[in-house]
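Side-chain atoms are counted along with the backbone in the values below, which use heavy atoms only and exclude waters and symmetry mates. We name chains A, B, ... by the order of the sequence lines, and we start the count at 1 in each one.
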Amino acid sequence: MIKNLVIVESPAKAKTIEKFLGKEFTVMSSYGHIRDLAKKDLGIEKEKGYKPKYIQSPDKKNVIKELRDASKTAEMVWLASDEDREGEAIAWHLFEVLKLDANKTKRIVFHEITPKAITNAIQNPREIDYNLVNAQQARRVLDRLVGFELSPLLWKKVKPSLSAGRVQSVAVRLLVEREREIIAFEPDSAFRITGDFQDSGSGKFELTAELNKRLKTSSQVTDFYESIKGQDFQVSSVQKKPGKKSPAAPFTTSTLQQEAARKFGFSVSQTMSLAQRLYEAGHITYMRTDSVNLSNDAIAAAESEIKKSYGENYHKARKYSTKAKGAQEAHEAIRPTYMQNHTVDAQNAEQKLYSLIWKRTIASQMSDAKLEKTTISIPVKNNSDFKFTAQGEVLLFDGFLKVYIESLDDDKKEDVAGLLPPLKEGDNLNLIQSNAIERYSNYPARYTEATLVKKLEELGIGRPSTYAPTISTIQKRNYVVKEDRPGKERTIQQISFKADQIKASKKVETYGSEKSKLFPTDVGMVVNDYLIEHFDKVMDYSFTANVEKEFDSIAEGQRQWSAMIDEFYKPFHQTVEFAEEHSERKSGERILGDDPESGKPVLVRIGKYGPIAQIGTAEDEEKPQFASLRRDQHIETITLEEALELFKLPRQLGEHNGKKVSVSIGRFGPYVRYDSLFASLKKEDDPYSINLERAIELIKEKQEADAKKLIKVFDEAEKIKVQNGKYGPYITHKRKNYRVPKSIDPKTLTYEQCMEIIEKGQKKGTKKKK
DNA sequence: CAGTGAGCGAGCTTCCGCTTGACTT
């Protein structure tokens, strides 16, 4: 018999709360939403006022059964899902699916997990807020309508299996537009001039200062140096200004993802799964949140920890307020559960993330850092337009910097100003030497996973629970790839000035190398252009913000949800129908020119399997020739010469043991083929110039590696192999893999045992498909 | 894993947001 049944969304939360509530209460979890729109067709009855067709989620069958059994015996059921739109809907779905009795059901909310907050919630129950539920239904129905009408249109007009949606399509748009800005960017260059000075009094102090203006051309630089020949310099002013730095707010999901990426290079999904484990172990509060708020208990705990560890003057109580658009603030900020734990006992990566969260939280309750900024000015006497300045910074009091410094994104990084020598106004200086170095302006920074999340949050698009999945979806659809790209080289000019001598020289610098950046693919670009051409309203960056306003007015009871949907859907559906009938297939085709050998046109477009180059057209008598574009080549930017180069592969290198050896470039880069064996080329090998000798070397290496992987083969059937893999030993059979159970030593496996494992695995496979 | 790229047509794909494990080669 259960007296009180409390239902929350997360099992870890259930465990914690149960401790606070005592014996009279049983706490269970719904594991998020328990039902959703039917997946078959639209799942919405458009003619009946957009009535949703809900289906119990298949993976929640057991959860629902357990909850139903428990709720039947309970005297009172407390629906304690989160205090936001989605949480309210979860409460309502529970009420409906579990067929609860209104007289024996109460709705409670709390947004911090403290005994006080929970007792308070129990004492102040309310009813299910149907306005809020309807706002959620409107959100859900709108997303389904957009996603399930646009995606099939793409299958027809571009390529099968593609997808479009309110969130993912705008994320791709951001990347495509940034990429085009970069392609169109024309760098500008100017000479940055620095001077190394020494005081002519004691000769003890040296300082490097920068000229206040950059000069466009080398002749302007030479003219400048000519004009200062033989000149002496003097400090005209030493200005000191007090400054301060304040700590950043505690972590939300998005800021945690950004900072973990900057400091440790974690991907957003990596950060989330580490945080999940810390949460389940009870080390941190909930990790999917848009709130920077700390509970009063947490603020007090931070205060006593700071005073104990660093002293009274390091503490300053602070309250932060959320700036993010559309924040729903159902939870606290992400913080340690126990402020006194500077570290926790966990795996290395988890420990790193915990420590980051601890530092950020503690720092947020610490005093400002105080500093003094100094600017030393050194005028050029015969030209009042020019002066050299040096800037320095001295830390007077470290404050929160004692524990934590927030990192900057690469494009915002600046030179760190250090300490300046104690020069004063009127001090005479000698110019020991000066250097003018040509500096190019940088193109706009490409997005990383984390900076994309930041941008989406600023636009109010997506939620803490969806940032990581969205990024993985747009990569899965091949709209976007995350990769490194090597830099390119360019020559820059340098001019030096020393002992009244002017010398010019040249230097090679690499620029534009990228690490773990998101690049839109050709498919991403073509899909994006198609969607913008026909559905500019949904693709607008403010579309989500606009509909959010409408959801809010539904939540406040001022608007009827199906009327709002109708107002959106009618014109939207018309544009879908129009595009269906009137728009052309989009292949992104671009004609590059004529093939000098055959005189046939050379073109690039998206083919069935991705971007391809093609010589000749389907109408020609001869079949056209095809070649896949390489990963770093794009329909929009490839040249005729580069395209023609692609047709030189595959190259026949000759024979080895009577079998042909050829080289080509595949999905995973350049490879050598020998019979049915494929061996990847090494970085230093070039597929266009590699010779047979080197190719055989690679083949032998690959054969050896394969032999090492192999644990066992059977005489009975060549097709079965026992091999060693990343996840332990496994059996291959007819191109499928089956894991060897841990209880069996793979070396002792018999043929019969293998067949048994394979049969078992196949059964599992067919079950899954249902 | 790495060959492909005509056209036909069956049957499939797809959204966002709330949650965890099961599973991966």
Side chain A:Q475, main chain A:I471, donor-acceptor under 3.5 Å: yes

Where the side chain of A:S71 meets the backbone of A:L67, is there a donor-acceptor pair that is under 3.5 Å apart? yes

Candidates [options] - which lies nearest the side chain of [X]:
X      : options                : result
A:P152 : B:dC15, B:dT14, B:dG5  : B:dT14
A:R288 : B:dA2, B:dT19, B:dT14  : B:dT19
A:E280 : B:dC16, B:dT19, B:dG21 : B:dG21
A:M287 : B:dT20, B:dT13, B:dT14 : B:dT20
A:R673 : B:dG5, B:dT19, B:dG3   : B:dG3
A:F678 : B:dG17, B:dA2, B:dT20  : B:dA2
A:S628 : B:dC18, B:dT13, B:dG5  : B:dG5
A:K60  : B:dT19, B:dT13, B:dC15 : B:dT19
A:R166 : B:dA2, B:dT20, B:dG17  : B:dG17
A:H33  : B:dG17, B:dT20, B:dC15 : B:dG17

With a non-hydrogen cut-off below 4.0 angstrom, is [X] in contact with a base, only sugar-phosphate, or nothing?
X      : result
A:A89  : nothing
A:G165 : sugar-phosphate
A:E149 : nothing
A:V146 : nothing
A:I34  : nothing
A:D36  : base
A:S163 : sugar-phosphate

Scan residues 462-475 of chain A against DNA chain B and write down, sorted by residue number, each residue with any heavy atom closer than 4.0 Å; if none is found, say none. A:G462, A:R463, A:S465, A:T466, A:T473

Rounding to an integer number of Å, can you tell me how far [X] [atom1] sits from [N] [atom2]?
X      : N      : atom1 : atom2 : value
A:Y54  : B:dC15 : OH    : C1'   : 14 Å
A:Y286 : B:dG17 : OH    : C1'   : 11 Å
A:D41  : B:dT14 : CG    : C1'   : 13 Å
A:E9   : B:dC18 : CD    : P     : 8 Å
A:Y50  : B:dC15 : OH    : P     : 22 Å
A:E86  : B:dC15 : CD    : P     : 17 Å
A:D84  : B:dC16 : CG    : C1'   : 14 Å
A:K159 : B:dT14 : NZ    : C1'   : 15 Å

Considering only heavy atoms from C-beta outward, does the side chain of A:Q137 approach that of A:Y54 to under 4.5 Å? yes

Bracket notation of DNA chain B in which parentheses pair within the strand, [ ] cross earlier pairs, and | pairs with another strand (Watson-Crick or G-U, under 3.5 Å): .........................

With under 30° as parallel and over 60° as perpendicular, where do the rings of A:F568 and A:F572 fit, or are they tilted in between? parallel

Could you measure between the two [atom1] atoms, the one in [N] and the one in [M], and give it in whole Å?
N      : M      : atom1 : value
B:dT24 : B:dT20 : P     : 22 Å
B:dG9  : B:dT13 : C1'   : 16 Å
B:dT19 : B:dC23 : P     : 23 Å
B:dT25 : B:dG21 : P     : 22 Å
B:dA22 : B:dA2  : P     : 31 Å

Does A:R477 make a cation-pi contact with A:W155 (under 6.0 Å, within 45 degrees of the axis)? no

Taking atom types as modelled and ignoring hydrogens, do the side chains of A:E149 and A:H573 form a donor-acceptor contact shorter than 3.5 angstrom? yes

Going by distance alone, is a donor N or O of one side chain under 3.5 Å from an acceptor N or O of the other, for A:T544 and A:R166? yes

Return the 5'-most residue of the pair A:R35, A:P11 with respect to DNA chain B, ranking by each residue's nearest nucleotide. A:R35

Can you name the residues that form a side chain to side chain donor-acceptor pair (under 3.5 Å) with A:Y479, not counting sequence neighbours? none

Do we count A:F148 as stacking onto B:dC15 if the rule is ring centres under 5.5 Å and planes under 30°? no

Return no unless some side-chain N or O of [X] is found under 4.0 Å from OP1 or OP2 of [N].
X      : N      : answer
A:R477 : B:dT14 : yes
A:Q168 : B:dC15 : yes
A:S10  : B:dT20 : yes

Is [X] salt-bridged to [Y], going by a charged N under 4.0 Å from an acidic O?
X      : Y      : value
A:D522 : A:R590 : no
A:R288 : A:E9   : no
A:D595 : A:K600 : no
A:E645 : A:K648 : yes
A:D129 : A:R107 : no

